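All values below were derived from every heavy atom in this structure, side-chain atoms included, with hydrogens, water molecules and symmetry-related copies excluded. Please read all numbers here as calculations on a predicted model, not as lab measurements.
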Amino acid sequence: MIVRTTAEITGTERDVAGPGWRSKRIVLAGDRVGFSFHETTIEAGTIHEFHYQNHVEAVWLIEGEGSLLDLDNQTVHQLGPGSMYLLDGHERHQVNARTRLRMLCVFNPPVTGREIHDENGVYPLVVEEEAASV
């Protein structure tokens with residue numbers, strides 16, 4: 001059984017941030033449950049492009065207002081509390097935060113740690129682990 005709080009994650013290696021966003025990595029690959037679980041915040045007035053080439057991701061927005069742009073077909077979806085989106089085709093997407101967004105994110109396969117995606121969706125630690133296991 002795993003029990004932890006976001007308060008105990010704050011300021012540790014599981015607390016990852018970049019310009020305009022922060023992700024508290026509550027469950028990671030090392031926890032050996034087959035997925036990772038994060039609480040992510042995106043600051044108001046920011047726009048972020050994401051592409052998770054190696055992961056399926058489900059996102060549930062619990063706070064804030066914004067929009068989601070599918071960069072492949074230019075479809076825009078409005079986001080508000082209770083919105084969920086699932087990226088099951090490794091869609092390139094952009095999140096536009098009108099107000100501060102707070103979301104819960106599940107990744108499969110799980111994220112391994114402090115890695116931060118690059119624009120082609122490659123997580124270096126995942127690539128290294130896969131190469132090492134071959």
If you round to the nearest 0.5 Å, how far is [atom2] of [Y] from [atom1] of [X]?
X: S67; Y: L79; atom1: OG; atom2: CG; value: 6.5 Å
X: Q94; Y: H51; atom1: CD; atom2: NE2; value: 14.0 Å
X: H38; Y: R22; atom1: NE2; atom2: CZ; value: 14.5 Å
X: L69; Y: E49; atom1: CG; atom2: CD; value: 9.0 Å

Are [X] and [Y] in one and the same hydrophobic cluster, where Ile, Leu, Val, Met, Phe, Trp and Tyr link if side-chain heavy atoms are under 4.5 Å apart?
X: L68; Y: W60; answer: no
X: V106; Y: F50; answer: no
X: V76; Y: L71; answer: yes
X: V16; Y: F37; answer: no

Using every non-hydrogen atom in the two residues, find where [X] and [Y] come nearest and quote the distance to one decimal.
X: P110; Y: G34; result: CD-O, 3.7 Å
X: T99; Y: E65; result: OG1-N, 2.7 Å
X: F35; Y: V27; result: O-CG1, 3.6 Å
X: H48; Y: G20; result: NE2-O, 3.5 Å
X: G64; Y: L101; result: C-CD2, 3.7 Å
X: M103; Y: L61; result: CE-CD1, 3.9 Å

Quick check: do [X] and [Y] have side-chain heavy atoms less than 4.5 Å from each other?
X: I62; Y: L104; value: yes
X: R98; Y: Q78; value: yes
X: R100; Y: I42; value: no
X: C105; Y: F107; value: yes
X: T46; Y: W21; value: no
X: N108; Y: H55; value: no

Looking at K24 and D15, does any basic side-chain N land under 4.0 Å from a carboxylate oxygen?
no
Please determine whether side chain to side chain contact (heavy atoms under 4.5 Å, CB included) holds for the pair V56 and L86, giving the CA-CA distance in whole Å, both sets of side-chain angles, and the decisive distance to 0.1 Å.
CA-CA 8 Å; V56 171; L86 176 64; 4.0 Å; yes
Check whether any side-chain N or O of [X] sits under 3.5 Å from a backbone N or O of [Y] as a donor-acceptor pair, and report yes or no.
X: T10; Y: T6; answer: yes
X: S36; Y: V111; answer: yes
X: S23; Y: R25; answer: no
X: R4; Y: I26; answer: yes
X: H93; Y: D70; answer: no

Under 3.5 Å side-chain donor-acceptor pair for H77 and T75
no
